[in-house]
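Report on one structure; see the data block that follows.
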Amino acid sequence: MNTYDDDNIFAKILRNELPNDTVYESEYVLAFKDINPQAPVHILVIPKGRYISIDDFGSNATAEEIKGFYEAVSKIVEQENIKQDGYRTITNTGINGGQEVPHFHLHILGGTKIGVMVSKAV
Ligand code: DGP
C-alpha cells in the first residue's frame, strides 16, 4: 500500500461524508470515538493530512503537523481524565500489523487496565 486511498473511511469522515463522535479537533487532527470500543475510553486520533501509516507520517509530514499531532494526544488524555491512571496507545500498520483503515491513526485506550500487550502471533 503505497498510494493514499481517498475513499478510505477516515478520509470520508474528514470530508464530513460520514458521521463521527468527535472528542477533539484542531488545525492538524481530528479525534473521535472508535465505533467498536475495546475499553471504556477508546479514541482514534488522525492527522488531517493524507498519510497512510505512522512511517509515512514520520517521513512526509511537516514539523508543524507532527507537533500538532502529539500536542493533541496530550490534550486528549487530559480531557478524557486518563492521564493519571495511564492508558495505551496503539498504531497498527499494514497487513502484519492488522491495519484495517489505511489512514494513519493512533488508538488511545484507557479507563481500565488494558490487557496483555499482544496476543501470541505464532
Ligand atoms: P485499525 O485496525 O488499527 O486500522 O483500526 C481501525 C479502527 O477504526 C477499528 O478499531 C474500528 C474503527 N472504525 C472503522 N470504521 C469506523 C467508522 O466508520 N467510525 C469510527 N468511529 N470508527 C471506525
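If you read the sequence from its start, that first residue is 1, and numbering goes on from there. Remember, it's 1-based here, ligands and their atoms both numbered in the order they're listed. Keep in mind it's a predicted model, so treat the numbers as computed, not measured.
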- prompt: Is a side-chain donor or acceptor of Gln38 paired with a backbone partner of Ile114 at a separation under 3.5 angstrom?
  reply: no

message: Less than 4.5 Å apart, side chain to side chain, heavy atoms only: is that true for Leu106 and Phe69?
response: yes

- line: Any heavy atom of His105 under 4.0 Å from ligand 1? The part involved is side chain

task: Can you pull out the closest protein heavy atom to atom 11 (C) of ligand 1? Residue, atom name and distance to 0.1 Å, please.
output: Asp34 OD1, 3.3 Å

message: So for ligand 1, is Gln99 a polar contact partner (N or O within less than 3.5 Å, distance only)?
response: no

- prompt: Using a heavy-atom cut-off of under 4.0 Å, does the side chain or the backbone of Ile90 touch ligand 1, or both, or neither?
  reply: neither

Pair Glu65 + Lys48: basic N to acidic O under 4.0 Å: no

- prompt: Between Ile9 and ligand 1, which part of the residue brings a heavy atom under 4.0 Å of the ligand: side chain, backbone, both or neither?
  reply: side chain

message: Please check whether Val101 reaches ligand 1 - meaning an N/O of the residue sits under 3.5 Å from an N/O of the ligand, judged on distance alone.
response: yes

message: So does Val23 get a backbone contact from the side chain of Glu80, meaning a donor-acceptor N/O pair under 3.5 Å?
response: no

- request: Quick one: look at Phe104 and ligand 1, take heavy-atom pairs under 4.0 Å, and tell me if it's side chain, backbone, both or neither.
  value: neither

message: For the aromatic rings, using the six-membered ring if either is Trp, is the centroid distance between Phe104 and Tyr51 under 6.0 Å?
response: no

- request: Assert yes or no for the condition that the ring centre distance of His105 to His107 is strictly below 6.0 Å.
  value: yes

message: So, regarding Ile35 and ligand 1 (criterion: nitrogen or oxygen to nitrogen or oxygen, under 3.5 Å), is there a contact or not?
response: yes

message: Using a plain distance cutoff, I'd like to know if His42 has any nitrogen or oxygen under 3.5 Å from a nitrogen or oxygen of ligand 1.
response: no

message: Any nitrogen or oxygen of Gly98, side chain or backbone, less than 3.5 Å from one on ligand 1?
response: yes

